[in-house]
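Notes follow the structure.
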There are 2 protein chains.
Amino acid sequence: MDVTTADGPAPRFNAFAASCPSRRLLDTIGNKWASLAIVALGLKGPMRFSELAARIEGVSQKMLTQTLRGLERDGLLTRTVTPSVPVRVDYELTPLGLSLLEPIRHLKEWAEAHMGEVDRARAEYDGAGA
Amino acid sequence: MDVTTADGPAPRFNAFAASCPSRRLLDTIGNKWASLAIVALGLKGPMRFSELAARIEGVSQKMLTQTLRGLERDGLLTRTVTPSVPVRVDYELTPLGLSLLEPIRHLKEWAEAHMGEVDRARAEYDGAGA
DNA sequence: CCGTATCCGCAGAGATACTG
DNA sequence: CAGTATCTCTGCGGATACGG
């Protein structure tokens with residue numbers, strides 16, 4: 001989709017432009033359902049479609065399918081279809097997907113440690129404004 | 001949207017629901033321009049509005065203003081207005097904002113290390129599909 | 001120089017119903 | 001059970017013009 005940047009031989013990574021890998025990563029894990037799916041699979045191991053749907057609770061079939069497809073495409077998880085009478089599909093993190101749990105954990109830790117401050121700052125800001 | 005989690009004593013953080021702090025954090029740093037602004041300020045120290053606009057390059061005034069306001073509201077940066085003849089406004093990360101650079105750095109490192117694999121997986125997936 | 005206000009277009013999220 | 005297809009509608013994001 002991104003044809004904006006010509007086609008340089010990926011000279012450096014520190015670009016602030018859209019071609020930066022970090023930006024693309026944020027598009028993935030910054031996505032509401034994608035991060036939840038990754039964390040869910042990371043905590044519980046392989047899961048079926050309906051398990052994930054129940055676990056995340058709030059996601060629609062469409063969004064879940066779309067999200068999982070994207071993650072599969074990115075090589076973060078595998079999709080295994082067992083053609084039994086009721087079809088069974090299992091999703092499992094690849095090593096690559098598992099490795100992504102680490103930075104996500106750091107994010108989570110920061111959130112748990114500091115979101116209280118953010119809430120306070122927000123309340124104060126809103127209060128002062130009003 | 002049930003209000004069951006109205007004001008509990010923050011029992012656990014592992015919720016997959018929207019009330020989880022991690023989710024809210026993702027809303028912030030998952031935002032295209034917010035992360036770039038934070039990283040820019042982290043690398044270069046205090047910056048003026050126009051500096052940021054030039055640095056990020058691609059952001060509109062509206063989006064930049066909106067983003068910076070949001071980050072200010074969250075206590076991640078400070079906004080200092082110097083009422084000179086042409087108004088001068090400086091933005092600077094707070095300690096809280098600086099601390100956020102750490103998990104972001106982890107993300108960046110993962111991206112630089114693994115986005116190549118993601119690209120390959122994506123190419124293979126697309127190729128096999130077609 | 002910095003910011004606000006307004007309008008508009010479009011991608012994406014959700015609900016629903018159907019197929020294998 | 002898992003997934004696709006279709007429709008609608010919100011609201012983000014961009015361009016523009018104006019104010020302090």
Side-chain angles (χ1 to χ4, degrees), chain A residues 1-4 16-18 23-24 26-37 40-41 46-74 77-92 125 128-130, chain B residues 1-2 16-18 23-24 26-37 40-41 46-73 77-92 125 128-129:
Chain A
M1 293 292 234
D2 48 309
V3 244
T4 53
F16 276 88
R23 284 274 302 102
R24 308 228 324 280
L26 282 178
D27 285 346
T28 299
I29 67 142
N31 187 34
K32 193 174 177 176
W33 308 119
S35 45
L36 289 177
L41 288 170
M47 293 177 84
R48 304 176 57 174
F49 185 90
S50 46
E51 271 185 288
L52 280 165
R55 196 87 144 91
I56 295 181
E57 189 171 3
V59 69
S60 61
Q61 273 195 347
K62 177 189 169 185
M63 281 297 103
L64 186 55
T65 300
Q66 187 173 304
T67 299
L68 292 170
R69 282 284 199 268
L71 295 174
E72 184 196 7
R73 191 169 97 107
D74 289 349
L77 53 79
T78 57
R79 176 170 171 272
T80 310
V81 182
T82 308
S84 30
V85 183
V87 190
R88 176 199 177 103
V89 182
D90 286 276
Y91 293 92
E92 181 173 12
Y125 185 93
Chain B
M1 287 301 200
D2 56 320
F16 275 89
R23 285 271 306 103
R24 308 225 329 276
L26 282 178
D27 284 346
T28 300
I29 67 142
N31 188 36
K32 194 175 179 175
W33 308 119
S35 46
L36 289 177
L41 288 170
M47 293 178 84
R48 302 174 57 173
F49 184 89
S50 46
E51 271 186 287
L52 280 165
R55 196 87 144 89
I56 295 180
E57 190 170 4
V59 69
S60 62
Q61 274 195 348
K62 177 188 169 183
M63 280 299 103
L64 187 54
T65 300
Q66 188 173 303
T67 300
L68 292 170
R69 283 283 198 267
L71 294 175
E72 185 196 5
R73 191 169 98 107
L77 53 79
T78 57
R79 177 171 171 270
T80 311
V81 182
T82 308
S84 30
V85 182
V87 190
R88 176 201 176 101
V89 183
D90 285 276
Y91 293 92
E92 182 172 11
Y125 186 93

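Heavy atoms only: backbone and side chains are in, while hydrogens, waters and symmetry mates are out. Proteins come first, then strands; the chains are lettered A, B, ... in the order of their sequence lines, and each starts at number 1.
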Of all the nucleotides listed (D:dC1, D:dG3, C:dG3), which has the minimum atom distance to the side chain of A:Tyr91?
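Minimum distance to the A:Tyr91 side chain belongs to D:dG3.
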Using the salt bridge (charged side-chain N to carboxylate O under 4.0 Å, His left out) criterion, which residues pair with A:Arg79? Sequence neighbours excluded.
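In terms of salt bridge (charged side-chain N to carboxylate O under 4.0 Å, His left out), with neighbours along the sequence ignored, A:Arg79 is linked to no residue.
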Do [X] and [Y] touch side chain to side chain, with heavy atoms closer than 4.5 Å?
X	Y	answer
A:Leu36	B:Arg23	yes
A:Thr65	A:Phe49	yes
B:Lys62	B:Gln66	yes

Please confirm whether the shortest side-chain N or O distance from [X] to OP1 or OP2 of [N] is below 4.0 Å.
X	N	answer
A:Thr65	D:dA2	no
A:Arg48	D:dA2	yes
B:Arg79	C:dG3	yes

Rounded distance (Å) that lies between atom [atom2] of [N] and atom [atom1] of [X]:
X	N	atom1	atom2	result
B:Leu64	C:dT4	CG	P	11 Å
B:Glu51	C:dC1	CD	P	12 Å
A:Leu52	D:dG3	CG	P	10 Å
A:Asp90	D:dC1	CG	C1'	12 Å

Which pair of non-hydrogen atoms, one from B:Ala40 and one from B:Met47, has the smallest distance, and what is that distance?
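For B:Ala40 versus B:Met47, the nearest heavy atoms are O-SD, 4.0 Å.
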Take B:Tyr91 and B:Leu71, measure what side chain to side chain contact (heavy atoms under 4.5 Å, CB included) needs, and give me the verdict at the end.
CA-CA 10 Å; B:Tyr91 293 92; B:Leu71 294 175; over 6 Å; no
Between B:Arg69 and A:Asn31, which residue's closest nucleotide on DNA chain C lies nearer the 5′ terminus?
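Checking each residue's closest nucleotide, the 5'-ward one belongs to B:Arg69.
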B:Val89 or A:Gln66, whichever maps to the more 5' nucleotide of DNA chain C:
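First, find each residue's nearest nucleotide; the 5'-ward one identifies B:Val89.
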Interface polar pairs with nucleotides 14-20 of chain C, N/O, under 3.5 angstrom:
| unit_1 | atom_1 | unit_2 | atom_2 | d |
| --- | --- | --- | --- | --- |
| C:dG14 | OP2 | A:Trp33 | NE1 | 3.4 |
| C:dG14 | N7 | A:Lys62 | NZ | 3.2 |
| C:dG14 | O6 | A:Lys62 | NZ | 2.3 |

